[in-house]
Engineer: 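What follows is a single structure, and I will ask about it in a moment.
Reminder, nothing fancy here: chain letters follow the sequence lines and each chain counts from 1. Quick caveat: nothing in here was measured; it's all calculated off a predicted structure.
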Number of protein chains: 2
Amino acid sequence: MSATPVPLHPIRTAARDDAVLDALAAFAASEGLGPGDRLPTERVLADRLKVSRTTVREALTRWEGLGLVERRQGSGTYLKAPVSRDMLHLPLTLPSGSDLDSLMHTLEIRRGLEGEAAALCALRAGPREIALIRHKLEVMEKAFHERQGMSSDEDWDFHQAIFRASGNPLFEQIVAAMYELFHRFWEHPLGVHDFGHASFPFHRTLYERIAARDPEGARAEALKIIASVEADLRRGAARLDITGSR
Amino acid sequence: MSATPVPLHPIRTAARDDAVLDALAAFAASEGLGPGDRLPTERVLADRLKVSRTTVREALTRWEGLGLVERRQGSGTYLKAPVSRDMLHLPLTLPSGSDLDSLMHTLEIRRGLEGEAAALCALRAGPREIALIRHKLEVMEKAFHERQGMSSDEDWDFHQAIFRASGNPLFEQIVAAMYELFHRFWEHPLGVHDFGHASFPFHRTLYERIAARDPEGARAEALKIIASVEADLRRGAARLDITGSR
DNA sequence: CGTCCATAATTGGTCCGACCATTGGCCCAA
DNA sequence: TTGGGCCAATGGTCGGACCAATTATGGACG
């Protein structure tokens, strides 16, 4: 078979659902609708778009499944996330990960991405971004000393600032999903009440390597943080003798 | 804020849709249905489950949006991925730019993940996995020589085999999304008709490092592939003088 | 005047029956 | 064997109806 350079997209004859979502995204953009805002009722949409309510509902159902929208019976349909006409929806489906392996898997992804993001951040961050990262670091350190332990929120704010300074929005979104995945099954620190403690000093060294515009140094420090969390996780797992089942 | 150990699942007022999906997942499990298999007609499901076809359709629409299922009018509804009652779906919405920067962003993600996956693969792959990777490599090399150039499909098959051998299903899913994001705006090789050509030899060296159980060597070879594609992309962009807009 | 509660209107959730568009198999003829 | 045309099956859309939860309304009562 000879090469077929053209992907030959299958022709979409019926794209009514997609058309509804496109129109809705355009509407949200023109109206400046953001998360929390309420969008028109299904009946209004059906009337305005000249389609049946069934079609509107099918379209909204898809957005609901993607977590973009929340429907409240008797109240209305509300935006949960910013929507746009050209967005890529990446549904990650994985076997119910309440076991140690799944937690480790999220850390493996983070190991790859956090190192890369830190390196890129050291290359691209401007003075303003570096100042912001420093600020987040200080907030985190303050919270650490006050509460005698790592604080998830402040810790995430710090990492988030680094991702944003990397100039690549994909880092933040993917790692945010890993964070959520991780915390969904990490309600208790597995009996290790100083969980994450060991990773604390590396946050400052990571900041220093970024401020020094040292990509490889920053990457190394970021990897230390992940390795430290991994070690804590293994420690807690060994203590609780987690075997894999929920 | 103090720790709130209980996730507090939002109250599910209406669980009819979910009940349908649960029943369908159970059915798929009992029948041993896998990807590619066709599942019962909407009308049959509605009759069997004692719900209306509308409800069945809403449920299937959610699965369709999650990419678990594919509907073909006039033919039926087919499984695209293994489904299970307790499976975690983490929808991820990414801004999909159509400019050069976005293409580069996907490569930055791949740089982090492919290196990590290659290293893990070298650590964990068993003889069977390594044999499969070798086979995919040979298929790719054969296609390369026959068509005088890289072939996307065979190339992806090779990388996919590596991801699967890494033991972490997240790698394949995330990078698959990056692939899609990349190819969505890369119909033509930007005028570089030997696009990807330079990355060809590194595929074999990558395989050799994996077969030798050399994690860091495998990581290095994987990074060479990404760097090569990046260089090609910059080359094509420079030629076409792409400035960012589509 | 303000508060409280029953009532009505609004809105999403489900159901039904019908029809359309596409697909795929079947049969028959060239 | 091949080709075309017919036809049943299947997903897609439609309109209308009713149910359930929520919210707004407005009057009664302290």
Engineer: Quick test of your reading of the model: are A:R164 and A:E129 salt-bridged, counting only N-O distances below 4.0 Å?
Structural biologist: no
Engineer: Just to be sure I understand the geometry, which residues of residues 49-68 of chain B put a non-hydrogen atom under 4.0 Å away from DNA chain D?
Structural biologist: B:R53, B:R57
Engineer: Between C1' on C:dG13 and CD on A:E70, what's the gap in Å once rounded to a whole number?
Structural biologist: 15 Å
Engineer: Between B:E116 and B:R110 (salt bridge meaning N to carboxylate O under 4.0 Å), is one present in this structure?
Structural biologist: no
Engineer: Distance check: side-chain N/O of B:R71 vs OP1/OP2 of D:dG12, anything under 4.0 Å?
Structural biologist: yes
Engineer: Compare all side-chain heavy atoms of B:D157 with those of B:V139 and state whether any distance is below 4.5 angstrom.
Structural biologist: no
Engineer: Taking only residues two or more places apart in sequence or in another chain, which ones pass side-chain contact (heavy atoms from CB on, under 4.5 Å) with B:R53?
Structural biologist: B:E42, B:R43, B:A46, B:R57
Engineer: Can we say A:E108 and B:R124 salt-bridge, meaning some charged N sits less than 4.0 Å from an Asp/Glu carboxylate O?
Structural biologist: yes
Engineer: Can you tell whether the side chains of A:E154 and A:K136 come within less than 4.0 Å, N to carboxylate O?
Structural biologist: no
Engineer: Run the salt-bridge test on B:E70 and B:K80 with the 4.0 Å N-O cut-off and return the result as yes or no.
Structural biologist: no
Engineer: From OH of B:Y78 over to C1' of C:dT22, roughly how many Å is that when rounded to an integer?
Structural biologist: 12 Å
Engineer: Can you tell me the distance, in whole Å, between the CZ atom of A:R72 and the C1' atom of C:dG12?
Structural biologist: 12 Å
Engineer: A:Q73 CD to C:dT11 P: how many Å, rounded?
Structural biologist: 13 Å
Engineer: When the ring planes of B:F163 and B:W156 are compared, do they come out parallel, tilted or perpendicular, using 30° and 60° as the limits?
Structural biologist: tilted
Engineer: Tell me, which of residues 33-44 of chain B have any heavy atom that sits under 4.0 Å from an atom in DNA chain D?
Structural biologist: B:R38, B:T41, B:E42, B:R43
Engineer: Could you tell me how far apart A:L45 (CG) and D:dC14 (P) are, to the nearest whole angstrom?
Structural biologist: 13 Å
